**Q** 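Shown below is the structure under consideration.
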Amino acid sequence: MIEPLLLTTARISTFDHGRPLTGASGFYFERDQHLYLVTSRHVLIDAPSGHAPSRIEIELHTEADNLARSTALSVLLYDHGERLWRQGSDDGGEIDVAVIEIDRAMLPAGVLLCSFTPAHLQRCLREVEVGSPLLVVGFPLGFHDTLHHLPVVRQATIASSFGLCFQGQGYFLTDARTHRGTSGAPVVLRHPDGDPELPWKLLGVHTTRIDIGSRDLRQDESLGLNCAWYADILLTLTAPANAAER
C-alpha cells in the first residue's frame, strides 16, 4: 500500500542531449484523456542562466507490487527546433509553469502513477484561509527514497492572502523550508471530502524561494518564503484550443 499523493510526483532530470544538467520535481495532470507532466518553466528553459536542456527524463514505477522496480522515460523538449511544452503569461508577465504532454504509448506496461485532474483544483478561493496547512511534494536537492523511488514532503502554510496575486504576480506565498530541486512540486491542501482516491486540492506549483537583496547575510536569516503559482493556470495550458503562448 502506498499513498496515492506520493505517486503524483516525479523526479525530473534535465539533459543537453547526453550531458546531465539539473534535477527538479514535476507532477501529473490528466484532462480529457490526455496526460501531462507539470513543472516550473525555468526547469525547461532559463535564459538568464543559459539553462536550455534538449530533453528530460522522468522516473516511473513499473510494478505495483515492487516499488523498487523503476525505469527512466526520456521526453524530448523540441521537435525540429519547435518546443513541445506549453507555457503561458498573464497581465503580470510570464508564468513560471510549463506542461508537456506525455505520450501514453511510451509508458511502460504496468506503469504506476496517479494524476491530478481539473476536479482537484480549488474553485472557490474564499474557502482557503491564510495560515492553512499545506504539503509540498518533491525532491529537495534530489533527496528521496532511492529504494522505492518516492518523493518526500515538506509542511507549509499559506503566507499571503489566497486568491490575490501577490505584488501583481500570478502566485501566492508559502512559508516552508525548501531547496533546489523542489521547483515544479505540487502544493496541496488536504480535502477529505473530495476525491476518495486522491483526497487533496491542488492549489499551486512551487517555483522558487523569495529573498531580500538587502538582507545582511551574517545577521539576518532568509525569509523562508516561497512562490507558488496558482494551479488554475493548468486549465489554460491544457485547453484543447490552447489559449497560452505557444
Side-chain angles (χ1 to χ4, degrees), residues 8-10 12 14 22 24-32 34-53 56 58 75 77-78 82-102 115-118 120-125 128 134 136-138 156 158-176 178 180-189 201-211 225-246:
T8 63
T9 305
I12 297 177
T14 65
T22 62
S25 303
F27 61 91
Y28 302 108
F29 187 81
E30 184 176 1
R31 183 180 186 185
D32 299 328
H34 294 273
L35 180 65
Y36 300 92
L37 179 72
V38 182
T39 189
S40 296
R41 185 180 64 87
H42 73 259
V43 171
L44 305 185
I45 189 167
D46 185 51
S49 67
H51 177 66
I56 60 173
I58 55 176
V75 180
L77 299 179
Y78 297 89
E82 293 290 325
R83 61 180 170 85
L84 298 176
W85 78 88
R86 301 177 181 181
Q87 63 183 46
S89 61
D90 59 16
D91 293 340
E94 291 186 335
I95 295 173
D96 195 12
V97 177
V99 304
I100 187 166
E101 186 168 359
I102 302 298
S115 304
F116 295 103
T117 70
H120 291 97
L121 300 178
Q122 180 66 37
R123 301 293 183 172
C124 181
L125 302 182
V128 183
L134 309 172
V136 181
V137 190
I158 295 178
S160 65
S161 179
F162 191 81
L164 291 181
C165 293
F166 188 79
Q167 295 184 343
Q169 301 295 312
Y171 55 74
F172 61 97
L173 300 187
T174 66
D175 181 5
T178 60
R180 290 181 298 107
T182 313
S183 294
V187 179
V188 298
L189 173 69
K201 285 287 189 181
L202 176 62
L203 298 189
V205 183
H206 171 83
T207 179
T208 188
R209 292 169 290 176
I210 289 181
D211 207 349
L225 297 175
N226 313 276
C227 301
W229 291 88
Y230 286 101
D232 61 0
I233 183 60
L234 298 180
L235 293 180
T236 299
L237 296 182
T238 62
N242 184 41
E245 177 186 339
R246 294 300 300 269

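Note that the structure is a prediction, hence the values are computed from the model and not measured. Note: hydrogens, waters and symmetry copies are ignored here, and every other heavy atom, side chains too, is used. Starting from 1, each residue takes its place in the sequence as its number.
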**Q** Working to the nearest 0.5 angstrom, can you tell me the gap between Thr238 OG1 and Arg86 CZ?
**A** 7.0 Å
**Q** Looking only at heavy atoms, which two atoms of Ser25 and Gly181 are closest? And how far apart?
**A** OG-O, 2.7 Å
**Q** Should Ile56 and Leu37 count as side-chain neighbours, where that means a heavy-atom distance under 4.5 Å?
**A**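 Side-chain contact under 4.5 Å: yes.
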**Q** When rounded to the nearest 0.5 angstrom, what is the spacing between CG in Leu202 and CG in Leu234?
**A** 6.5 Å
**Q** Please give me the minimum heavy-atom distance between Gly163 and Leu125, naming the atom from each residue.
**A** CA-CD1, 3.5 Å
**Q** Name the orientation class of the two ring planes belonging to Phe172 and Tyr230 (parallel below 30°, tilted from 30 to 60°, perpendicular beyond 60°).
**A**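 Rings of Phe172 and Tyr230: tilted, 30 to 60°.
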**Q** Let me see the working for Leu203 and Ile158 under side-chain contact (heavy atoms from CB on, under 4.5 Å), right down to the final yes or no.
**A** CA-CA 10 Å; Leu203 298 189; Ile158 295 178; 4.2 Å; yes
**Q** Pro53 and Tyr78: which non-hydrogen atoms are nearest, and at how many Å?
**A** O-CE1, 3.5 Å
**Q** What is the minimum heavy-atom distance between Pro186 and Thr9, and which atoms define it?
**A** CG-OG1, 3.5 Å
**Q** Have a look at Glu94 and tell me which of Arg41, His42, Gln169 forms a side chain to side chain donor-acceptor pair (under 3.5 Å) with it.
**A** Arg41
**Q** For Phe27, what residues pass the ring-ring contact (aromatic ring centres under 6.0 Å, His included) criterion, not counting sequence neighbours?
**A**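 Listed in chain order: Phe116.
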**Q** To the nearest 0.5 Å, what is the distance between OG1 (Thr117) and CG (Asp32)?
**A**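 It is 10.5 Å, given to the nearest 0.5 Å.
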**Q** If I take atom CD1 from residue Ile95 and atom OG1 from residue Thr207, how far apart are they, to the nearest 0.5 angstrom?
**A** 11.0 Å
**Q** Which residues pass the salt bridge (Lys or Arg N to Asp or Glu O under 4.0 Å) test with Arg31, sequence neighbours left out?
**A**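 Once residues adjacent in sequence are excluded, Arg31 has no partner under the salt bridge (Lys or Arg N to Asp or Glu O under 4.0 Å) criterion.
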**Q** Taking Asn226 for the side chain and His206 for the main chain, is one N or O donor matched with an acceptor at less than 3.5 Å?
**A** no
**Q** Between His51 and Thr14, is there a side-chain heavy-atom distance shorter than 4.5 Å?
**A** yes
**Q** Among pairs that include at least one residue of residues 159-168, which meet side-chain hydrogen bond (donor to acceptor under 3.5 Å, both in side chains), considering only residues two or more places apart or in two chains?
**A**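 Applying side-chain hydrogen bond (donor to acceptor under 3.5 Å, both in side chains) to every pair that reaches into residues 159-168, excluding sequence neighbours, yields nothing.
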**Q** So, taking the atom named CZ in Phe29 and the one named CG in Leu235, what distance separates them when rounded to the nearest 0.5 Å?
**A** 5.5 Å
**Q** Any side-chain heavy atom of Ile45 within less than 4.5 Å of one from Trp85?
**A** yes
**Q** So, for Leu35 and Ser115, which heavy atoms are closest and what is the spacing to 0.1 Å?
**A** CD1-OG, 3.3 Å
**Q** Taking side chain as C-beta onward, heavy atoms only, is Leu237 less than 4.5 Å from Tyr36?
**A**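 Heavy-atom side-chain distance check fails, nothing below 4.5 Å.
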**Q** Is there a donor-acceptor pair under 3.5 Å between the side chain of Ser183 and the backbone N or O of Thr208?
**A** no
**Q** Among Thr39, Leu84, Val99, which one satisfies side-chain contact (heavy atoms from CB on, under 4.5 Å) with Leu44?
**A** Thr39
**Q** I want to check something: taking the side chain as every heavy atom from C-beta on, are Leu189 and Phe162 in contact at a cut-off of under 4.5 Å?
**A** no
